[in-house]
Amino acid sequence: MRYHIASDEQIQKSLKKILNQYRTVNSQFKLKELITKDLRTKKIKYGVSGQRIRDIAIKSNFVKLEIHTREGDPKKLMTKCPVCGNILKRVKNLTIWGGEVTIEFNCSRCGYWTGKKKRIPTRYVFHRK
């Protein structure tokens with residue numbers, strides 16, 4: 001059996017097929033298993049990472065990503081989105097003394113957000129739109 005890396009188009013096609021069949025997949029690991037099984041043929045075994053599947057799902061227009069999180073270290077400053085790697089946009093508020101304070105960070109690509117208590121992603125749930 002030969003080992004190959006799947007193309008983005010193959011992954012997207014398989015992702016669409018799986019979400020049409022299951023409608024919701026409750027973890028990135030389970031989705032990776034389903035896609036790997038779907039792509040496998042008798043002679044070729046395709047490899048794909050969970051991160052790559054998540055990135056392709058975020059870019060597609062038929063997947064809704066639900067992000068489950070836990071609390072993290074509030075002192076740690078976040079600049080990049082932990083879900084998709086995009087730069088986080090600061091949401092600021094004015095203080096009563098005229099200064100600005102950052103109240104939250106948003107990602108425009110995947111919908112991740114965090115406030116004073118940092119949110120660390122723990123589980124991704126994939127839904128068909």
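- At most 12 heavy atoms of other shown residues, nucleotides or ligands fall within 6.0 angstrom of atom CD1 in I5.
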Discussion item. Set out, in order, the CA-CA distance, both residues' side-chain angles and the distance that settles side chain to side chain contact (heavy atoms under 4.5 Å, CB included) for L65 and F126, then state yes or no.
Written reply: CA-CA 5 Å; L65 181 65; F126 299 85; 3.6 Å; yes
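- Side-chain contact check for N86 versus S108: some heavy-atom pair is nearer than 4.5 Å.
- With rounding to the nearest 0.5 angstrom, the NZ atom of K129 is 6.5 Å from the CG atom of N61.
- Note: the hydrophobic cluster containing F29 does not contain L15 (ILVMFWY, side chain heavy atoms under 4.5 Å, direct or indirect links).
- Among all heavy-atom pairs drawn from P121 and V83, the shortest one is CG-CG2, 3.9 Å.
- Smallest separation of non-hydrogen atoms from K30 and S27: N-OG, 3.0 Å.
- The closest donor-acceptor contact from the side chain of D38 to the backbone of L34 lies at 3.5 Å or more, if one exists at all.
- A search for side chain to side chain donor-acceptor pair (under 3.5 Å) contacts involving R52 returns D8, not counting sequence neighbours.
- Closest non-hydrogen pair, K117 versus T114, comes out as O-OG1, 3.4 Å.
- Among all heavy-atom pairs drawn from C84 and C81, the shortest one is N-SG, 3.5 Å.
- V125 and Y22 are members of different hydrophobic clusters when ILVMFWY side chains are connected at heavy-atom separations under 4.5 Å.
- With hydrophobic clusters built from ILVMFWY side chains whose heavy atoms lie under 4.5 angstrom apart, Y124 does not share a cluster with W113.
- No more than 12 heavy atoms of other residues, nucleotides or ligands sit less than 6.0 Å from atom CD1 of I87.
- Both F62 and V48 are assigned to one and the same hydrophobic cluster, defined by single-linkage of ILVMFWY side chains at heavy-atom distances under 4.5 Å.
- Heavy atoms only, all atoms of each residue included: C110 and I58 are closest at CB-CD1, 3.8 Å.
- For the atom pair NE2 (H127) and CZ (R23), the distance works out to 10.0 Å, reported to the nearest 0.5 Å.
- Between the CD1 atom of I35 and the CD atom of Q12 there is a distance of 10.5 Å, given to the nearest 0.5 Å.
- Side-chain atoms of Y112 come within 3.5 Å of backbone atoms of R119 as a donor-acceptor pair (strictly under, hydrogens ignored).
- Atom CZ of residue R123 and atom CD1 of residue I67 lie 14.0 Å apart, to the nearest 0.5 angstrom.
- The CD1 atom of I53 sits 8.0 Å away from atom CD1 of I18, with the distance rounded to the nearest 0.5 Å.
- A distance of 10.5 Å separates NZ in K32 from CD1 in I11, rounded to the nearest 0.5 Å.
- Shown here for L39 and S14, the closest heavy-atom pair between the two residues is CD2-CB, 4.1 Å.
- Under a hydrophobic clustering in which Ile, Leu, Val, Met, Phe, Trp and Tyr are joined whenever their side-chain heavy atoms come within less than 4.5 Å, directly or via other members, L94 and F105 fall into different clusters.
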Discussion item. Side chain to side chain donor-acceptor pair (under 3.5 Å) for R70 and T122? Distances and angles first, verdict last.
Written reply: CA-CA 7 Å; R70 65 171 171 82; T122 55; over 6 Å; no
Item to complete: Could you walk me through whether K118 and D73 pass side chain to side chain contact (heavy atoms under 4.5 Å, CB included), step by step?
Response: CA-CA 6 Å; K118 300 296 183 247; D73 184 11; 5.9 Å; no
